[in-house]
Amino acid sequence: MPELPEVETYRRFIDEVAVGQTITGLDVFDKHVLAVPEDELRAALLGRTIAGTGRLGKNCFLELDNGRLLVLHFGMTGDIGAYRDAPDAPRFTRVAWQLADSGLNLAFIDPRKFGRIRLADSVEAYQKAKKLGPDALQITPAELHQKLSRRKVLVKPLLLDQGLTAGLGNWIVDEVLFQASIHPERLGNSLSEQETTALHAAIQQVLTTAIQHEANYRHFPKEFLIHAREWDDSATPGSDAHTFCPRHAAVKIAKSYVGGRATYTCPVCQPAPA
DNA sequence: CGTAATGTTCACCT
DNA sequence: GAGGTGAACATTAC
């Protein structure tokens with residue numbers, strides 16, 4: 001799940017559950033998701049109070065009272081949760097933090113274990129170390145245009161590149177390109193300023209809409225392409241209406257692979273480059 | 001049983 | 001260096 005809107009939703013959850021709380025315990029059920037030695041993590045966290053939260057792209061920050069950061073990246077299947085008693089720990093909880101005041105445990109849940117937990121000295125240091133570009137909600141139209149226009153690369157992989165802008169994932173890139181009527185195989189340097197402007201507006205619109213719906217894709221507006229993705233089949237068995245373009249009732253959404261990733265497009269809305 | 005999967009990274013090739 | 005391709009990671013769910 002975790003693209004920018006999910007991570008923002010997790011951040012808000014952590015903000016409500018954990019800010020102001022002191023960390024009194026760390027449970028590591030599977031150290032595979034730790035990118036720092038467990039001892040170091042324990043020493044850095046125990047007794048510290050969570051002063052606030054932050055987010056950059058798909059990375060979530062818990063700001064400690066000494067200025068350091070606990071950084072959560074959720075990989076492909078990560079999630080966040082809370083529980084009071086050990087038997088109630090969500091399935092696939094890999095790490096949990098005991099919060100003194102509420103008695104709750106904050107859970108890092110990750111079935112596939114591609115997520116990672118690390119420490120950082122500051123957002124800037126982390127951003128530099130991981131070579132992350134500006135957050136997808138912060139990048140300006142001019143910046144986006146400049147970055148795209150310098151590269152002779154397919155626009156879809158470009159938008160997925162966290163160094164160009166941070167936070168866009170596979171589903172959202174497809175949605176954004178559909179909303180902006182741009183084919184994913186257009187080259188970055190082939191986009192007009194007008195197209196980049198439309199792209200920027202689509203990024204803003206899709207992300208803010210997704211966040212409003214707490215990243216629950218099934219609640220997205222019906223003019224969103226996302227409903228054409230295969231996973232919606234299981235949500236609405238027997239119906240195939242959703243496999244058509246929201247703007248062209250007779251046009252089937254096409255599935256292909258761009259940059260090695262499953263890609264959905266409307267052949268009419270998004271004409272392939274010559 | 002086979003297949004695909006929301007992310008990231010690295011090796012290897014042109 | 002730039003860009004493309006494919007695999008690997010670990011595991012579930014369909």
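Predicted model only: the values in this text are computed from it and were never measured.
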Quiz item: Which nucleotide sits closest to the side chain of A:V153: C:dG3, C:dA10, B:dG7?
Solution: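 Minimum distance to the A:V153 side chain belongs to C:dG3.
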Please report, rounded to the nearest Å, how far the [atom2] atom of [N] is from the [atom1] atom of [X].
X: A:W171; N: B:dA5; atom1: CH2; atom2: P; answer: 10 Å
X: A:K113; N: C:dA8; atom1: NZ; atom2: P; answer: 19 Å
X: A:L4; N: B:dG7; atom1: CG; atom2: P; answer: 11 Å
X: A:E185; N: C:dT5; atom1: CD; atom2: P; answer: 9 Å
X: A:Y10; N: B:dG7; atom1: OH; atom2: P; answer: 11 Å
X: A:D30; N: C:dC9; atom1: CG; atom2: C1'; answer: 13 Å
X: A:D79; N: B:dG7; atom1: CG; atom2: P; answer: 15 Å
X: A:N189; N: C:dA2; atom1: CG; atom2: P; answer: 14 Å

Report yes if a side-chain nitrogen or oxygen of [X] is closer than 4.0 Å to either non-bridging phosphate oxygen (OP1 or OP2) of [N]; otherwise report no.
X: A:K130; N: B:dT9; answer: yes
X: A:H32; N: C:dA10; answer: yes
X: A:R116; N: B:dG7; answer: no
X: A:K152; N: C:dA2; answer: no
X: A:K255; N: B:dA5; answer: yes
X: A:K131; N: B:dT9; answer: no
X: A:Y257; N: C:dG4; answer: no
X: A:Q162; N: B:dT8; answer: yes

Practice problem: Please measure how far the C1' atom in B:dC1 lies from the corresponding atom in C:dC9, and state the result in whole Å. | Solution: 22 Å
Quiz item: Does B:dG7 have A:F74 stacked on its base, where the ring centres are within less than 5.5 Å and the planes differ by under 30°?
Solution: no
Quiz item: Going by 5.5 Å between centroids and 30° between planes, is there a stack of A:F114 over B:dT8?
Solution: no
Exercise. Grab the two heavy atoms, one from A:Q162 and one from A:G167, that are nearest each other, plus how far apart they are.
Key: OE1-N, 2.9 Å
Self-check item: Closest non-hydrogen atom pair, A:A96 against A:F29
Solution: CB-CE1, 4.1 Å
Quiz item: Starting at the 5' end of DNA chain B and moving along, which residue's nearest nucleotide shows up first, A:R112 or A:R118?
Solution: A:R112
Quiz item: Looking at A:E8 and A:R12, does any basic side-chain N land under 4.0 Å from a carboxylate oxygen?
Solution: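 Result for this pair is yes, salt bridge flagged.
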Quiz prompt | Pair assignment for C:dA10, Watson-Crick or G-U wobble, requiring both distances under 3.5 Å | solution = none
Quiz prompt | Counterpart base for B:dT6, defined by Watson-Crick or G-U wobble contacts under 3.5 Å | solution =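 B:dT6 is paired with nothing.
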Quiz item: Between atom CZ of A:F178 and atom OH of A:Y264, what is the distance when rounded to the nearest 0.5 Å?
Solution: 14.5 Å
For a quick check of understanding: with a heavy-atom distance under 4.0 Å over all strands, which category does [X] fall into, base, sugar-phosphate or nothing?
X: A:F92; result: sugar-phosphate
X: A:G260; result: nothing
X: A:R151; result: sugar-phosphate
X: A:R91; result: sugar-phosphate

Quiz item: Hey, is CD on A:E223 packed in by over 12 heavy atoms from elsewhere, all under 6.0 Å?
Solution: yes
Self-check item: Ring-face cation contact, A:Y10 with A:R55, 6.0 Å cut, 45° max
Solution: no
Practice problem: Take A:D161 and A:K147, measure what salt bridge (charged side-chain N to carboxylate O under 4.0 Å, His left out) needs, and give me the verdict at the end. | Solution: CA-CA 11 Å; A:D161 180 354; A:K147 288 184 177 227; over 6 Å; no
